[in-house]
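Report on the structure given below.
For the single chain, residues carry numbers from 1 onward in sequence order. Atom set for the values below is all heavy atoms of this structure, side chains included, hydrogens, waters and symmetry mates excluded.
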Amino acid sequence: MIGIIVTGHGGFATGLDSNARLLAGGEADITAIDFNDGYTPEELEEDLRRAIETYKDRSSVMILTDIMGGTPYLKAAALSVQYEKVRVLHGVSAALLLDLVIRNMSGNDGADPDSLAEELLQTAREGLGVFKLDLTAPDETEEEDGI
């Protein structure tokens, strides 16, 4: 099993948690830690540390953050150097989180934390796109049979 921690500014973490639980049927094993107004960086760091410790027996722990350089990312990154199996991903999406949840539900926790992180980044890349409406009609050429 993989330890899954989501953190970010405002209601980012609880929003993604809610999204994953809806899509996965409520079976998601996620720790969501929001960084709201009045919540100090030290409190965030302590909550992240506690969450990491609850997952110490997991094959890896992925901390998913909203943006690189923000306090949740910086605190998670600082803690990740203290724990061998912890990796921090920033700019996460619902597709990436759902990939992790499904891996846990199916028992597919991947090989090692670095390989898992790379696989998750590929999931995130594949989950991005742009809708483009194409209203051009295909060329309709009439075939003549010679009669």
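Using a 4.5 Å cut-off on side-chain heavy atoms (C-beta onward), Phe35 and Asp47 make no contact. Looking at heavy atoms from C-beta onward, His9 lies in side-chain contact with Ile67 at the 4.5 angstrom threshold. For the pair Glu53/Tyr83, a side-chain contact is recorded, criterion being any heavy-atom separation below 4.5 Å from C-beta on. Side-chain contact between Asn19 and Leu97 is absent, with no heavy atoms from C-beta onward closer than 4.5 Å. Looking at Val6 and Phe12, their side chains come closer than 4.5 Å, going by heavy atoms from C-beta outward. Looking at Arg87 and Ser60, their side chains never come closer than 4.5 Å, going by heavy atoms from C-beta outward.
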task = Show your reasoning for whether side-chain contact (heavy atoms from CB on, under 4.5 Å) applies to Glu119 and Arg103.
result = CA-CA 11 Å; Glu119 290 173 18; Arg103 286 170 187 264; 2.9 Å; yes

inquiry  = Between Ile2 and Leu116, is the side-chain contact (heavy atoms from CB on, under 4.5 Å) condition met? List the steps.
reply    = CA-CA 10 Å; Ile2 303 160; Leu116 176 58; 3.7 Å; yes

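The hydrophobic clustering, which links ILVMFWY residues whose side-chain heavy atoms are closer than 4.5 Å, places Val61 and Leu44 together. Follow the hydrophobic side-chain contacts under 4.5 Å out from Val86 and you reach Leu48 in the same cluster. In this structure, Leu121 is a member of the same hydrophobic cluster as Val101, with clusters built from ILVMFWY side-chain heavy atoms closer than 4.5 Å. Using a 4.5 Å cut-off between side-chain heavy atoms of Ile, Leu, Val, Met, Phe, Trp and Tyr, with links allowed through other members, Leu16 and Leu23 fall into different hydrophobic clusters.
Counting only distance, with no hydrogens or angles, the side chain of Ser59 and the backbone of Met1 share a donor-acceptor pair below 3.5 Å. Side chain of Thr54 to backbone of Ala51: a donor-acceptor contact under 3.5 angstrom is found. A distance-only check finds no donor-acceptor pair linking the side chain of Lys85 to the backbone of Pro113 [under 3.5 Å]. For Arg21 (side chain) and Ala28 (main-chain N/O), a donor-acceptor pair under 3.5 Å exists by modelled atom type. The main-chain N or O of Asn36 is never found under 3.5 Å from a side-chain atom of Asp34 such that the two would form a donor-acceptor pair.
Between Ala117 and Leu89 the shortest heavy-atom distance is O-CD2, 4.0 Å. Closest approach of Ser80 to Val88, counting heavy atoms only: CB-CG2, 3.8 Å.
With rounding to the nearest 0.5 angstrom, the CD1 atom of Ile4 is 9.0 Å from the OG1 atom of Thr31. With rounding to the nearest 0.5 angstrom, the CG atom of Asp99 is 10.5 Å from the CG atom of Asn104. Taken to the nearest 0.5 Å, the CD1 atom of Ile30 stands 11.0 Å off from the OG1 atom of Thr14. With rounding to the nearest 0.5 angstrom, the CD1 atom of Ile63 is 12.5 Å from the NZ atom of Lys75. Between the CG atom of Leu96 and the CZ atom of Arg125 there is a distance of 10.5 Å, given to the nearest 0.5 Å. Taking OH of Tyr55 as the start and CD1 of Ile5 as the end, the distance is 6.0 Å to the nearest 0.5 Å.
The environment of CE in Met105 is crowded: more than 12 heavy-atom neighbours from other residues, nucleotides or ligands sit within 6.0 Å. Other residues, nucleotides and ligands place no more than 12 heavy atoms under 6.0 Å from the CD atom of Glu84.
A salt bridge links Glu45 with Arg49: at least one charged nitrogen is closer than 4.0 Å to a carboxylate oxygen.
Checking Asp29, Leu120, Thr123 one by one against Leu100, the side chain to side chain contact (heavy atoms under 4.5 Å, CB included) holds for a single residue, Leu120.
Side chains of Gln122 and Glu126: a donor on one and an acceptor on the other come within 3.5 Å.
Partners of Tyr73 by ring pair (Phe, Tyr, Trp, His ring centres under 6.0 Å), not counting sequence neighbours, listed by chain and number: His90.
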